[in-house]
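Scroll down for the structure; my scribbles are underneath it.
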Amino acid sequence: GVDRGVVVGRSTRGAAVPNDHVAELQRRYPDRVIGAAGIDVGGDLHDPVDELRRCVTELDLKVAAIDPGCAFGRRPHLAGMYADDARIFRFYEAASELGVPVVFMTGPFAGSDISYSRPEPIDVVATEFPSLQIVVGHGCYPYVTEAICVAYKHPNVFLAPDAYVFCPGGEQYVQAANTLLRDQMCFATAYPFSAGVTSVLERTRALGIEPAALDAYLGENAARVLASALKEA
C-alpha cells in the first residue's frame with residue numbers, strides 16, 4: 001500500500017549512503033523513490049552548499065538530510081554541531097533559496113550525547129528561516145513534549161517520530177497527531193533499523209490515530225512538504 005518512499009542519503013564519517021547511489025535509485029524508480037541528499041554540514045567531507053547545489057542541479061535530488069550532531073565524524077577534538085550552529089546558516093539559506101526541505105537527524109543516536117536531540121536549536125532555525133520546510137527525523141525523542149511544542153509554534157516544522165512512536169512516551173506523538181499537529185506529523189519507518197515497512201504500517205494502524213488524522217500522518221502531510229520541491233500537487 002505504499003506509493004512512494006523517501007530514501008535518505010547519509011554523509012558523515014560514521015555513516016555513509018552516497019548521494020550518487022541515492023540518485024541512481026531515484027532514476028531507476030522515478031515513480032517510487034524520492035531521494036534525499038545527505039549533506040555534511042560540518043564541511044568535513046565536502047562543502048555543504050556546493051554539495052547541495054550539485055545534488056539539486058546535477059543529481060535531481062530535491063530534499064536534503066543533515067546530521068549536525070555527527071559532524072566531523074565525532075572525532076574527540078571536534079565535537080558535533082547543534083542545529084542552530086551559525087556555521088550551518090549558509091546551508092539553510094541555500095536550502096531556502098532552492099526550496100529544498102531539510103530532514104534533521106535527531107534521537108538518542110544523533111550525537112555523542114542526547115543533548116543533540118533537544119528541539120530548542122530547531123526552534124531557533126525555524127524562527128530564522130520561516131520558509132524552510134523542516135522535517136524532524138526521530139521526532140527529537142526522548143524530548144517528545146518539547147518537540148511537539150516547537151512544531152506547534154512553527155508551521156514549517158514537521159515531526160517524523162518513526163520507530164520512536166512505539167517507545168515509552170511515544171503516545172504523546174499519537175495525541176499530537178489527533179489534535180494540535182494533525183497537519184504536521186509524517187510517517188516514517190527508520191528502516192533498516194525497524195522490522196520492515198509492512199510491520200511498521202501494521203503497528204501504526206493499531207496506535208489509535210483517528211482515521212482522518214491517520215491519512216494525514218501516512219502520506220498527505222509528507223506529500224504537502226515535498227510538493228513545492230518536486231513540483232507535484
Is any side-chain N of the basic residue among [X] and [Y] closer than 4.0 Å to the acidic one's carboxylate O?
X    : Y    : value
D123 : K153 : yes
D40  : R10  : no
E220 : R224 : no

Donor-acceptor contact present, side-chain [X] to main-chain [Y], <3.5 Å:
X    : Y    : value
Q26  : R32  : no
N156 : F129 : yes
D84  : V125 : no

Is it true that, when you exclude H21 itself, more than 12 heavy atoms of the residues, nucleotides or ligands shown sit nearer than 6.0 Å to its NE2?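 Open.
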
With a cut-off of 6.0 Å (strictly less than), are more than 12 heavy atoms of other residues, nucleotides or ligands near OH of Y191?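 Not more than 12 within 6.0 Å, no.
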
Contact check, side chains of [X] and [Y], non-hydrogen atoms, under 4.5 Å:
X    : Y    : result
V2   : V197 : yes
F193 : D162 : no
V103 : I66  : no
P119 : F104 : no
M185 : P161 : yes
E146 : I148 : no
V124 : T127 : no
T106 : I122 : yes

If you look at every heavy atom in [X] and [Y], which pair is closest and at what distance?
X    : Y    : value
A160 : V135 : CB-CG1, 4.1 Å
A23  : L61  : CA-CD2, 4.0 Å
D20  : R54  : OD2-NH2, 3.2 Å
L45  : S11  : CD1-C, 3.7 Å
G139 : A147 : O-CB, 3.5 Å
V100 : A64  : CG1-N, 3.5 Å

Cluster link [X] to [Y], ILVMFWY, side chain under 4.5 Å:
X    : Y    : result
L132 : V136 : yes
L218 : V7   : no
V6   : Y29  : no
I134 : M81  : yes

Before giving the answer on side chain to side chain contact (heavy atoms under 4.5 Å, CB included), spell out for Y141 and C167 the whole-Å C-alpha distance, their side-chain angles and the decisive distance to 0.1 Å. CA-CA 9 Å; Y141 190 85; C167 292; 3.5 Å; yes

Walk me through it: do Y143 and I114 pass the test side chain to side chain contact (heavy atoms under 4.5 Å, CB included)? CA-CA 9 Å; Y143 303 103; I114 64 171; 3.5 Å; yes

Roughly how far, to the nearest 0.5 Å, is the [atom2] atom of [Y] from the [atom1] atom of [X]?
X    : Y    : atom1 : atom2 : result
F187 : L214 : CZ    : CG    : 9.5 Å
C140 : L159 : SG    : CG    : 7.0 Å
Y173 : L181 : OH    : CG    : 11.0 Å
F89  : E128 : CZ    : CD    : 5.0 Å
F91  : R87  : CZ    : CZ    : 15.0 Å
M105 : Y116 : CE    : OH    : 13.0 Å

Can you list the steps and then say if Y82 with S115 is a side chain to side chain contact (heavy atoms under 4.5 Å, CB included)? CA-CA 9 Å; Y82 292 101; S115 70; 2.7 Å; yes

Quick one: which residue pairs count as a side-chain hydrogen bond (donor to acceptor under 3.5 Å, both in side chains) with a foot in residues 90-104, not counting sequence neighbours?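 Only D47-R90, R53-E97 qualify under side-chain hydrogen bond (donor to acceptor under 3.5 Å, both in side chains).
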
Between Q184 and N221, is any side-chain donor less than 3.5 angstrom from a side-chain acceptor?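 On atom types as modelled, these side chains do not qualify, holding no pair under 3.5 Å.
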
Using side chain to side chain contact (heavy atoms under 4.5 Å, CB included), reason through V8 and V17 one step at a time and then give a plain yes or no. CA-CA 8 Å; V8 178; V17 178; over 6 Å; no

Distance-only donor-acceptor pairs under 3.5 Å for side chains of residues 199-213, two or more places apart:
unit_1 : atom_1 : unit_2 : atom_2 : d
T204   : OG1    : V200   : O      : 2.7
E210   : OE1    : R182   : NH2    : 2.9

